[in-house]
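We use all heavy atoms of the structure for the numbers below, so side chains are in, but hydrogens, waters and symmetry mates are not. Index from 1, following the sequence.
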Amino acid sequence: MSRHLTPLPEPRALTAVSADGSRVHVEVYGPEGAPAVVLAHGWTCSIAFWAEQIRSLAADHRVIAYDQRGHGRSPAPGPGGYSTTALADDLEAVLAATLGPGERAVLAGHSMGGMTIMAAAGRPGLRQHAAAALLCSTGPSRLTAEATVVPLGPGALRSRLTAAVLGAKAPLGPVNAVSKKVLKYATMGPGAAPDRVEACARIVHACPRGARHGWSQVLAGLDLEPGVRELRLPVAVLVGTADRLTPAVHSRAMAEALPHCTGLVELPGMGHMTPVEAPEAVTAQIRELTLTYLGVKETEEAEA
């Protein structure tokens, strides 16, 4: 069995209740009292997307991961529905449910998870609890305009076709050779290993159709540019150079706009699914942030 599909360590599960009453499934790994890391996954994914980071970091961190509303074990949302406000509400609820008063954590968000951090930039909960953040394979606006999933030059036609493809309501169907080829083209680098493509395909295909469509509508009209400028904490930015969904143009612009960007890492040949495609590189960025801003020393197990 692929190491990317092996079971995670047994978590401590809990439920955070968001502002509109929506219930958010949270899993906590690693020793109690250890420095905290909070992981927010992207569109159509789940906690399982962070499997490699959880395995590595839980040796010496308390790793808090949650399913975005409508994904994984978090049910379809309540009255707040799908919106950037709901993303921020849910993150605040997770922070309040898992961290003590004044306790700080490093936040890492991939794709829509990064957008979640931007959406919550001005929230008291984030300002109280976030020591630093990693924005991984993400962008704040113009997602359909900049995406290169549709092989056309930039313009209105490409933007409309991209929105139609990403917002399709049709079921994804079973994971098979064809669906994996499509997913790899759209979301991963050309050199992505077959087991990693398989892992991503199983996670994405498990996302309920309603959540996939509901969030696609939010992403199509996204504008979180003010949130980038409001992130007044240390922020690292990471992107793959072969990312078709959130190309590096977004990360370069964010690195320029962030009040305290600690650095921009561009991973050659990697696509959009960087935590799965390049798990060691993503984990290293998180570890660097915890070392610098939470004072965490690497253990021998972590270095192995």
Side-chain angles (χ1 to χ4, degrees), residues 2-5 8 37-57 61 63 65-66 68 71 106-118 132-140 143 146-149 166 180 182-204 207 215 219 228 235-255 258 261-290:
S2 162
R3 69 190 180 101
H4 301 280
L5 295 177
L8 291 174
V37 172
V38 178
L39 305 177
H41 69 75
W43 177 53
T44 73
C45 293
S46 65
I47 290 171
F49 190 77
W50 294 107
E52 295 302 303
Q53 287 70 44
I54 291 170
R55 289 191 186 94
S56 176
L57 293 169
H61 294 74
V63 183
Y66 70 100
Q68 299 270 21
H71 295 73
V106 166
L107 313 185
H110 170 260
S111 193
M112 194 173 78
M115 298 162 199
T116 300
I117 295 171
M118 295 180 231
L134 171 64
L135 298 179
C136 182
S137 308
T138 190
L143 299 185
E146 299 291 356
T148 59
V149 174
L166 299 181
K180 285 188 286 188
V182 171
L183 179 131
K184 179 180 177 182
Y185 167 80
T187 70
M188 304 183 79
D195 66 328
R196 301 188 187 204
V197 176
E198 173 86 17
C200 283
R202 294 199 176 280
I203 292 169
V204 170
C207 180
W215 283 119
L219 300 182
V228 177
V235 180
V237 181
L238 180 146
V239 68
T241 61
D243 189 334
R244 297 180 189 273
L245 285 178
T246 54
V249 60
H250 292 296
S251 291
R252 294 167 190 156
M254 289 190 301
L258 285 162
C261 181
T262 65
L264 167 63
V265 175
E266 298 190 26
L267 300 177
M270 297 297 165
H272 184 66
M273 302 301 215
T274 43
V276 174
E277 293 182 74
E280 296 85 0
V282 173
T283 301
Q285 286 296 303
I286 298 172
R287 281 196 172 279
E288 183 173 337
L289 292 172
T290 62

Residues 265-276 side chain polar contacts: donor-acceptor under 3.5 Å, at least two apart:
| residue | atom | partner | partner atom | Å |
| --- | --- | --- | --- | --- |
| E266 | OE1 | R252 | NH2 | 2.9 |
| E266 | OE2 | R252 | NE | 2.9 |
| H272 | ND1 | D243 | OD1 | 3.2 |
| H272 | ND1 | D243 | OD2 | 3.0 |
| H272 | ND1 | T246 | OG1 | 3.1 |
| H272 | NE2 | S111 | OG | 2.9 |
| T274 | OG1 | S137 | OG | 2.7 |

Taking all non-hydrogen atoms of both residues, which atom of S56 and which atom of R287 are closest, and how far apart?
O-NH2, 3.2 Å

Should L134 and L289 count as side-chain neighbours, where that means a heavy-atom distance under 4.5 Å?
yes

Dump the intermediate steps for side-chain contact (heavy atoms from CB on, under 4.5 Å) on R244 and Y185, then the final yes or no.
CA-CA 9 Å; R244 297 180 189 273; Y185 167 80; 3.3 Å; yes

Could you tell me which non-hydrogen atom of A65 sits nearest to which non-hydrogen atom of I54, and how far apart they are?
CB-CD1, 4.3 Å

Looking at every non-hydrogen atom in both residues, tell me the closest pair between Q68 and G113 and how far apart they are.
NE2-CA, 3.8 Å

Tell me, with the steps shown, if H71 and I47 meet side-chain contact (heavy atoms from CB on, under 4.5 Å).
CA-CA 9 Å; H71 295 73; I47 290 171; over 6 Å; no

Can a donor-acceptor pair be found between the side chains of H61 and T290 at a distance below 3.5 Å?
yes

List the steps and the verdict of side-chain contact (heavy atoms from CB on, under 4.5 Å) for M112 and L219.
CA-CA 8 Å; M112 194 173 78; L219 300 182; 4.1 Å; yes

Is there side-chain contact between V106 and V38, with at least one heavy-atom pair below 4.5 Å?
no

Closest heavy-atom contact between E277 and A192?
OE1-CB, 4.2 Å

Closest non-hydrogen contact found for C136 with V282 is SG-CG2, 4.2 Å

How far does CZ of R55 sit from OG1 of T283, to the nearest 0.5 angstrom?
11.0 Å

Reported SG-to-CH2 distance for the pair C207 and W215, which is rounded to 0.5 angstrom
11.0 Å

Kindly check if the number of other-residue, nucleotide or ligand heavy atoms within 6.0 Å of CD (Q285) is above 12?
yes

Is there side-chain contact between P140 and M115, with at least one heavy-atom pair below 4.5 Å?
no

Please report the shortest heavy-atom distance between K180 and V197, naming the atom on each side.
O-CG1, 3.7 Å

Calculate, to the nearest 0.5 Å, the distance between atoms CZ and CG belonging to F49 and L39 respectively.
11.0 Å

CG/L57 to CH2/W50 distance, rounded to the nearest 0.5 angstrom?
9.5 Å

Test V235 against I117 for side-chain contact (heavy atoms from CB on, under 4.5 Å), laying out the working first.
CA-CA 11 Å; V235 180; I117 295 171; over 6 Å; no

Would you give the length of the straight line joining atom CH2 of W43 to atom CG of L143, rounded to the nearest 0.5 angstrom?
10.0 Å

From T116 OG1 over to H110 NE2, what is the distance, rounded to the nearest 0.5 angstrom?
12.0 Å

Any donor and acceptor pair, going by atom type alone, linking the side chain of K184 with main-chain N or O of P190 inside 3.5 Å?
yes

Counting C-beta onward and ignoring hydrogens, is there a side-chain heavy-atom pair between C200 and L183 closer than 4.5 Å?
yes

